[in-house]
Amino acid sequence: MVSVNKGEWDKSRGPDANHEFNTAWLAAAQRVLKPNGSIWVSGTAHVIHSVGFAMQQLGFKLLNDISWVKPNPPPNLSCRYFTHATETIIWAAKNSKSRHTFHYKLMKEANRGKQMKSVWEIRPPEPWEKKFGKHPTQKPVALLERILLASSNEGDLVLDPFLGSGTTVLAALRTNRHAIGIELEEKYIQMTKNRLGSRVQIPTADTHPAEKTLFELSY
């Protein structure tokens, strides 16, 4: 038995309030997204449909919905549902005029010469990825690296507004991208610092409190 209590940030405030929050943060992300940039948002059934609807309301251009298949998902202990073995990832461009980046040939090569489909089987985080601690919704580095390699170029700037344990910025550095991460919880900021070592720049004690949740990394 494992706890399903991931923290206050994961608790539902009801469908209307949840959708209002999703719309607000997606609008903020859309505002800073470059004209030809794109956004990836992952989630399970309790939130991803709201995310997709909010994107449509805001005028994003929906490109793909990826089904991330987890080969060894946790068992369903209640035996009242199918075992949750997938997570949906929505890929969208800023608007209908965006000329988004997609490295088709690279993805085809990674898929042994065949067109890559929208169903990805990628293992959960490996033991080495949890060396400095665990996050309840931690994503595997392989998943984030595929996303970045598919839809961005070396030297591009990647923003993760919900950084968690730092997987996005780790993947960005490994693929020669710049990254900005935003995280509210100090324990996860520390986890990210530990994972990235000396390559991370964290605000000092003199930094204004409102700025302490943001840090930038570069190779």
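Throughout, residue positions are numbered sequentially from 1 according to the sequence presented.
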### Message
Test of understanding: clusters of I, L, V, M, F, W, Y form through side-chain heavy atoms closer than 4.5 Å, transitively. Do Leu26 and Leu62 belong to the same one?
### Response
yes
### Query
Distance from His135 atom NE2 to Lys130 atom NZ, nearest 0.5 Å?
11.5 Å
### Query
Should Leu170 and Ile89 be counted in the same cluster of Ile, Leu, Val, Met, Phe, Trp and Tyr side chains packed under 4.5 Å apart?
no
#### Entry: Minimum heavy-atom distance between Thr83 and Pro73, given as atom pair plus value
CG2-CG, 3.9 Å
### Query
Can you check whether Trp91 and Trp40 have ring centres sitting under 6.0 Å from each other?
yes
### Query
So, Thr192 side chain and Ser165 main chain: donor-acceptor pair closer than 3.5 Å or not?
yes
### Task
Step by step, work out the side-chain contact (heavy atoms from CB on, under 4.5 Å) result for Phe132 and Lys193.
CA-CA 9 Å; Phe132 297 103; Lys193 287 174 61 178; over 6 Å; no
### Where Gly166 and Arg195 come nearest, the two heavy atoms and their spacing
C-NH1, 4.0 Å
### Gap separating the CD1 atom of Ile147 from the CD atom of Glu145, nearest 0.5 angstrom
11.0 Å
### Query
Is the shortest heavy-atom distance from the side chain of Lys61 to the side chain of Lys97 under 4.5 Å?
no
#### Entry: Joint hydrophobic cluster, Leu63 plus Val51, side-chain heavy atoms closer than 4.5 Å
no
### Under 3.5 Å: donor-acceptor pair, side chain of Arg177, backbone of Val158
no
### Message
Tell me if a side-chain donor or acceptor on Asn153 pairs with a main-chain N or O of Asp156 at a distance below 3.5 Å.
### Response
no
### Task
Begin from the C-alpha positions of Thr167 and Val141 and carry the test side-chain contact (heavy atoms from CB on, under 4.5 Å) through to its verdict.
CA-CA 6 Å; Thr167 302; Val141 172; 4.0 Å; yes
### Check: Asn36 side chain, Arg99 main-chain N or O, donor-acceptor pair, under 3.5 Å
yes
### Query
Of the non-hydrogen atoms in Ala93 and Ser98, which two are nearest, and what is the gap between them?
CB-CB, 3.7 Å
### Distance (rounded to the nearest 0.5 Å) between Leu159 CG and Ile180 CD1
6.5 Å
### Task
Report yes if the side chains of Val119 and Val69 come closer than 4.5 Å at any heavy-atom pair, otherwise no.
yes
### Side chain to side chain, His100 and Ser151, heavy atoms closer than 4.5 Å
no
### Message
Can a donor-acceptor pair be found, under 3.5 Å and without considering hydrogens, that links the side chain of Glu129 to the backbone of Gln138?
### Response
no
### Query
Is Phe162 reachable from Val41 through a run of hydrophobic residues whose side-chain heavy atoms are each under 4.5 Å from the next?
yes
### Task
Measure across Ala179 and Val169 and return the closest heavy-atom pair with its distance rounded to 0.1 Å.
CB-CG1, 3.4 Å
### Message
Is there a continuous path of hydrophobic side-chain contacts, each under 4.5 Å between heavy atoms, that joins Trp68 to Leu149?
### Response
yes
### Query
Can you name the closest pair of heavy atoms from Phe82 and Asn76 and give their distance?
O-ND2, 3.5 Å
## Note on the structure
One should read off an interatomic distance between His103 NE2 and Glu109 CD, to the nearest 0.5 angstrom, of 12.0 Å
### Message
Has Asn64 got a side-chain atom pairing as donor or acceptor with Ile66's backbone, closer than 3.5 angstrom?
### Response
no
### Task
Answer yes if the side chains of Gln190 and Asn194 hold a donor-acceptor pair under 3.5 Å, and no otherwise.
yes
### Message
Using side-chain contact (heavy atoms from CB on, under 4.5 Å), reason through Leu163 and Ile189 one step at a time and then give a plain yes or no.
### Response
CA-CA 8 Å; Leu163 189 59; Ile189 292 176; over 6 Å; no
### Message
Please determine whether the number of non-hydrogen atoms from other residues, nucleotides or ligands lying under 6.0 Å from atom CD of Glu20 exceeds 12.
### Response
no
### Message
If we ignore hydrogens and angles and just use 3.5 Å, is the side chain of Trp120 paired with the main-chain N or O of Lys117 as donor and acceptor?
### Response
yes
### Message
Between Gln30 and Lys94 (side chain of the first, backbone of the second, donor and acceptor by atom type, cut-off under 3.5 Å), is there such a pair?
### Response
yes
### Query
What are the two closest heavy atoms between Met55 and Ala92, and how far apart are they?
SD-CB, 3.9 Å
### Interatomic spacing from OG1 in Thr101 to CG in Leu148 - rounded to 0.5 Å
12.0 Å
## Note on the structure
In this structure, CE of Met116 is separated from CG of Leu106 (nearest 0.5 Å) by 8.0 Å
### Task
List the steps and the verdict of side-chain hydrogen bond (donor to acceptor under 3.5 Å, both in side chains) for Asn22 and Ser50.
CA-CA 7 Å; Asn22 287 330; Ser50 167; 3.0 Å; yes
### Message
Can you confirm whether the side chains of Gln57 and His19 place a donor and an acceptor under 3.5 Å from each other?
### Response
yes
